[in-house]
Amino acid sequence: MNAYPGWGAYGASKAALAHLTAIWDEEAKADGIRLLALDPGDMDTPLHALAIPDADPATLKRPEQAAAEIIEKMLDALPVRSTLLAGAHG
């Protein structure tokens, strides 16, 4: 997560959500429930360009890449996926 001047409440709320989700994930594991808070990071989107007009798009992640990373993290959290991967390597 990047720190931007004037975005304190936004950054603090994102950090709080990430931490609360991690706590809930630990609490729900015994019931076979996973919780994820996924932050794709800064992306080259029209909304980002409006928010930070001076940002260099070449330094920003493409939305397609962020989507693929999020899907991969979600798949990694699935018990079936973990079992299948463990079996493939063992």
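Values below: all heavy atoms of this structure, side chains included; hydrogens, waters and symmetry mates excluded.
- Hydrophobic cluster membership of Met74, counting Ile, Leu, Val, Met, Phe, Trp and Tyr whose side-chain heavy atoms lie under 4.5 Å apart directly or via other members: Leu36, Leu38, Ile70.
- From Asp44, atom CG reaches atom CD of Glu64 across 9.0 Å, with rounding to the nearest 0.5 Å.
- In this view, Glu69 and Lys61 satisfy the salt bridge (Lys or Arg N to Asp or Glu O under 4.0 Å) rule, not counting sequence neighbours.
- For the pair Ala66 and Pro40, the tightest heavy-atom approach, listed with the atom from each and the gap, is CB-CB, 3.7 Å.
- Remark: Lys73 pairs with no residue by the side chain to side chain donor-acceptor pair (under 3.5 Å) rule, at least two apart or across chains.
- Among residues two or more places apart in sequence or in another chain, the ring pair (Phe, Tyr, Trp, His ring centres under 6.0 Å) test is passed with Trp7 by Tyr4, Tyr10.
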Counting only pairs under 3.5 Å, give me each side-chain donor-acceptor contact of residues 48-60, with atom names and distances, residues two or more places apart or in other chains.
| residue | atom | partner | partner atom | Å |
| --- | --- | --- | --- | --- |
| Asp56 | OD1 | Ala58 | N | 3.0 |
| Thr59 | OG1 | Asp56 | O | 2.7 |

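- Under the salt bridge (Lys or Arg N to Asp or Glu O under 4.0 Å) criterion, Arg34 pairs with Asp25, sequence neighbours left out.
- The hydrophobic cluster containing Leu35, built from Ile/Leu/Val/Met/Phe/Trp/Tyr side-chain heavy atoms closer than 4.5 Å, also comprises Leu20, Trp24, Ile33.
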